[in-house]
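Have a look at this one before I ask anything.
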Amino acid sequence: MEEKGTEWLLFAVHRLVSWGASAAMIFGGIVPYIPQYRDIRRTQNADGFSVYVCLMLLVANILRILFWFGRHFESPLLWQSIIMILTMLLMLKLCTEVRVANDLNTKRRLFTASGSKDEELKAYPKRCFLDFDMNFFWHWSRFTDYVQCVLAFTAVTGYITYLSLDSVLYVETLGFLAVFTEAMLGVPQLYRNHQNYSTEGMRS
């Protein structure tokens, strides 16, 4: 009886550790972005954060999910990708709202200083995904445009993956691109810091 109790206790501890490790794996990736999100929301300034970080993480995790259909891996890693995609969309939503609000405030101050009418604010140019203007790629004025871009990318790559699931080369290439894209994550932030000559607004 005592041996059964010990075995049950060991089993419970093992399951608890396993659940804890899975939870850490699933949510650990988004932890660095929580203070970043709070800092942007508090200061209403997203200049120190590169939205291309969101782009690279969205691409990497979408590709990783598609790779899962060709070669199954651990479920916590799959959930990690899903949680990361949702997190990056939240970051994009906040950064877009802050940037557009700041741009409008700047325009309003300039118009007021020059004696222009508020009606001129209505002419403030809006950049949309469906304009297909590469000069403003990933610098759109509405969060819905980012969602449209993500959905379009997912649909195209998903359809190609559906047609090519039997190809080992394609599936392995998909996995490599997911890992490679995530490995290059620091590049857009380093470039943004170089442009600003500062790391202000960036959380380590």
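On a predicted model such as this, the values are computed, not experimentally measured, just so you know. Along the sequence shown, residues are numbered consecutively beginning with 1.
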Please answer: with hydrophobic residues joined when any side-chain heavy atoms are less than 4.5 Å apart, are Leu185 and Tyr146 in the same cluster?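 As far as the 4.5 Å side-chain criterion goes, Tyr146 and Leu185 are connected within one cluster.
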May I ask you to test the Phe136-Ser141 pair for a side-chain heavy-atom distance under 4.5 Å?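 Side-chain contact under 4.5 Å: no.
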Under a 4.5 Å side-chain heavy-atom rule over Ile, Leu, Val, Met, Phe, Trp and Tyr, are Tyr170 and Val168 clustered together?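 Per the 4.5 Å side-chain linkage, Tyr170 and Val168 are not co-clustered.
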Measure the SG-CD distance between Cys128 and Gln148 for me, rounded to the nearest 0.5 Å.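 It comes to 8.0 Å.
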Using a 4.5 Å cut-off on heavy atoms from C-beta on, say whether the side chain of Phe49 contacts that of Leu94.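 No. Closest side-chain heavy atoms not under 4.5 Å.
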Other hydrophobic cluster members with Leu163, side-chain heavy atoms of Ile/Leu/Val/Met/Phe/Trp/Tyr under 4.5 Å, chained?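 So far as hydrophobic clustering goes, Leu163 is joined with Tyr159, Tyr162.
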Can you name the closest pair of heavy atoms from Arg64 and Ala178 and give their distance?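 Closest approach of Arg64 to Ala178: N-CB, 3.8 Å.
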Calculate, to the nearest 0.5 Å, the distance between atoms CD1 and CG belonging to Ile65 and Leu174 respectively.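 Those atoms lie 11.0 Å apart.
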Leu58 side, atom CG; Leu92 side, atom CG - distance, nearest 0.5 Å: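 These two atoms lie 6.0 Å from each other.
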More than 12 heavy atoms from other groups under 6.0 Å of CD on Glu172: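 Result for CD/Glu172: enclosed.
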Report yes or no: does Ser164 contribute a side-chain atom to a donor-acceptor pair with the main-chain N or O of Ser167 at less than 3.5 Å?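 Flag not set: sc Ser164 to bb Ser167 has no pair under 3.5 Å.
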Output all residues satisfying side-chain contact (heavy atoms from CB on, under 4.5 Å) with Arg38, sequence neighbours left out; order by chain, then residue number.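 So Arg38 forms a side-chain contact (heavy atoms from CB on, under 4.5 Å) with Ile34.
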Residue pair Cys149 / Phe137: nearest heavy atoms and the distance that separates them: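 So the minimum-distance heavy-atom pair works out to SG-CE1, 4.2 Å.
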Which residues pass the side chain to side chain donor-acceptor pair (under 3.5 Å) test with Thr181, not counting sequence neighbours?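 In terms of side chain to side chain donor-acceptor pair (under 3.5 Å), with neighbours along the sequence ignored, Thr181 is linked to no residue.
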If you measure from CD on Gln80 to CD1 on Ile85, what distance do you get to the nearest 0.5 Å?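 Taking CD in Gln80 and CD1 in Ile85, the distance rounds to 11.0 Å.
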Asn61 side-chain N/O to Leu57 backbone N/O, donor-acceptor pair under 3.5 Å: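 Pair found, side chain donor or acceptor close to backbone of Leu57.
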Closest approach of Ile40 and Cys95, non-hydrogen atoms and distance?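 The answer is CD1-SG, 3.9 Å.
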Evaluate the side-chain proximity of Leu89 to Phe143: yes if any heavy-atom separation is below 4.5 Å, no if none is.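 Answer yes - side chains close enough.
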Name of the residue among Thr173, Thr154, Leu177 meeting side-chain contact (heavy atoms from CB on, under 4.5 Å) with Leu63: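 Option passing the side-chain contact (heavy atoms from CB on, under 4.5 Å) with Leu63: Leu177.
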Taking side chain as C-beta onward, heavy atoms only, is Ile30 less than 4.5 Å from Met84?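 Contact flag for Ile30/Met84 side chains = yes.
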Is Leu90 close to Leu86 at the side-chain level, that is, under 4.5 Å between some pair of heavy atoms?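 No; the side chains remain at least 4.5 Å from each other.
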Examine Val31 and Trp19 and state if one hydrophobic cluster contains both, with Ile, Leu, Val, Met, Phe, Trp and Tyr joined whenever side-chain heavy atoms are less than 4.5 Å apart.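 No, separate clusters.
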Residue list, side-chain contact (heavy atoms from CB on, under 4.5 Å) with Trp68, at least two apart or on another chain: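 For Trp68 the side-chain contact (heavy atoms from CB on, under 4.5 Å) partners, ignoring immediate neighbours, are His72, Phe73, Leu78.
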Check the hydrophobic clustering (I, L, V, M, F, W, Y; side-chain heavy atoms under 4.5 Å; chains of links allowed) and say if Ile82 and Ile62 are grouped together.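 Yes, same cluster.
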Under 3.5 Å: donor-acceptor pair, side chain of Asn102, backbone of Gln44: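 Flag set: sc Asn102 to bb Gln44 pair under 3.5 Å.
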Of all residues at least two apart in sequence or in a different chain, which pass the side chain to side chain donor-acceptor pair (under 3.5 Å) check with Arg41?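 Partners of Arg41 by the side chain to side chain donor-acceptor pair (under 3.5 Å) criterion come out as none, since no residue qualifies.
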Would you call the rings of Phe176 and Phe180 parallel, tilted or perpendicular, taking 30° and 60° as the class edges?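 Answer is parallel, since the angle falls under 30°.
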Tell me, please, which residues at least two apart from Ile26 pass side-chain contact (heavy atoms from CB on, under 4.5 Å).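 side-chain contact (heavy atoms from CB on, under 4.5 Å) check on Ile26 returns Pro76, Trp79, Ile83.
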Separation between OG of Ser50 and CE of Met56, rounded to the nearest 0.5 Å: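 Rounded to the nearest 0.5 Å, the OG-CE separation comes out at 9.5 Å.
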Asn45 CG to Arg99 CZ distance, which is reported to the nearest 0.5 Å: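 If we round to the nearest 0.5 Å, Asn45:CG and Arg99:CZ are 12.5 Å apart.
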With a 4.5 Å cut-off on side-chain heavy-atom distances among I, L, V, M, F, W and Y, is there a chain of contacts connecting Met134 to Val51?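 Yes: a chain of side-chain contacts under 4.5 Å links Met134 to Val51.
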